[in-house]
Number of protein chains: 2
Amino acid sequence: MKSGLEWQGRLWLEGPEGTFLGYGRVVLLERIREHGSIARAAKSMEMSYKHAWDLLDSMTRQAGCSLVATVRGGKGGGGAVLTPAGEKAIAVFWHYHARFQNVLQEMTAKLEDVLCDEKSVDPGS
Amino acid sequence: MKSGLEWQGRLWLEGPEGTFLGYGRVVLLERIREHGSIARAAKSMEMSYKHAWDLLDSMTRQAGCSLVATVRGGKGGGGAVLTPAGEKAIAVFWHYHARFQNVLQEMTAKLEDVLCDEKSVDPGS
DNA sequence: AACCGTTATATATTGTTAAGTATAACGAAA
DNA sequence: TTTCGTTATACTTAACAATATATAACGGTT
């Protein structure tokens with residue numbers, strides 16, 4: 001990384017309605033697992049409840065099943081826990097995300113120096 | 001791709017000020033090469049001139065040299081052509097972008113079916 | 001000298017995305 | 001039956017990004 005530049009990227013799983021599973025959505029799922037409610041999960045990542053709910057709604061519609069099971073009323077007012085599908089979604093995403101990051105890192109390592117000196121246009125290995 | 005889902009991603013080269021080189025910026029450079037002016041390049045991709053100019057300015061500052069050489073006044077009012085650095089930027093980006101797309105395609109091919117049935121949480125190979 | 005389409009730059013407008021706010025329904029527990 | 005914090009939903013406001021518009025400078029050509 002002689003040039004001070006590095007390859008970066010975003011990864012998401014594309015579904016029929018656009019994004020199905022991406023970084024933010026997976027973090028949201030993890031926060032729900034951690035906090036036991038959509039409201040507290042959203043607050044913990046400075047996201048509005050509405051936005052969080054919309055994301056979950058989008059995921060649920062595209063997955064064909066709920067990734068979280070919600071409860072209204074009752075002790076504590078209700079809450080939300082991950083379904084097995086929700087757990088799997090997290091695991092699958094991080095699995096591929098790790099690969100993805102490795103590729104970016106390799107690409108950065110191979111990135112040769114500078115554009116500005118009068119050299120060839122060969123992009124490298 | 002049994003599930004109808006596919007991995008998608010965005011790739012960019014990160015510099016000191018954020019994005020240095022990404023898909024849209026590279027297409028802009030190519031359009032400048034094609035049209036010979038920033039104004040026509042921007043119009044050809046339904047981008048405002050200002051936005052195009054800002055992108056070029058950002059690239060120039062981060063590269064440490066101009067990726068396009070501009071001329072004001074004169075025949076036709078002026079224009080812009082790519083510098084060798086600009087040509088190299090295009091070549092480098094597409095080189096890595098192709099790799100990147102290959103990885104996404106491989107990942108999609110390995111993506112196993114569905115989240116919703118009661119199976120293991122194993123993310124696959 | 002006047003003209004032209006461009007670069008370069010500033011300011012205003014639009015449009016989109018997310019946050020903010022409000023309200024109703026929920027239902028176990030006190 | 002009242003209370004509680006939540007889910008679920010609608011509506012409003014704010015933040016941001018990009019477009020749109022405006023203006024000056026440029027300099028070869030006519």
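Quick note on labels: first sequence line is chain A, next is B, and so on, each numbered from 1.
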Self-check item: Heavy-atom protein contacts under 4.0 Å, nucleotides 4-9 of chain C, coded B base, S sugar-phosphate only, - none
Solution: -BBBBB
Quiz prompt | Rounded distance in Å - CD1 (A/I32) to P (D/dT6) | solution = 13 Å
Quiz prompt | Distance, rounded to the nearest Å, where A/L28 contributes CG and C/dA18 contributes P | solution = 13 Å
Quiz prompt | Results of salt bridge (Lys or Arg N to Asp or Glu O under 4.0 Å) for B/K50 - residues two or more places apart only | solution = B/D54
Quiz item: Between atom CD in B/E46 and atom P in D/dA17, what is the gap in whole Å?
Solution: 21 Å
Practice problem: For a side chain to side chain contact (heavy atoms under 4.5 Å, CB included) with A/R25, tell me which candidate from A/I90, A/L13, A/L56, A/T19 qualifies. | Solution: A/T19
Quiz item: What residues form a ring pair (Phe, Tyr, Trp, His ring centres under 6.0 Å) with A/H97, not counting sequence neighbours?
Solution: A/Y23, A/F93, A/W94
Quiz item: In whole angstrom, what separates A/L56's CG from D/dT9's P?
Solution: 12 Å
Exercise. Calculate the interatomic distance between B/K75 atom NZ and C/dC3 atom C1'; express it in whole Å.
Key: 16 Å
Self-check item: Pairwise side-chain hydrogen bond (donor to acceptor under 3.5 Å, both in side chains) hits with a residue in residues 36-49 of chain B, at least two apart
Solution: B/R31-B/S44
Self-check item: Atom pair distance, as rounded to whole Å: NE2 in A/H51 and C1' in D/dA10
Solution: 17 Å
Check: residues 65-81 of chain A side-chain donor-acceptor pairs under 3.5 Å, at least two apart:
none

Practice problem: Nearest whole angstrom, please: distance from the C1' of D/dA20 to the NZ of B/K43. | Solution: 12 Å
Quiz item: What pairs of residues pass the salt bridge (charged side-chain N to carboxylate O under 4.0 Å, His left out) test when at least one of them lies in residues 59-71 of chain B, not counting sequence neighbours?
Solution: B/E17-B/R61, B/D57-B/R61
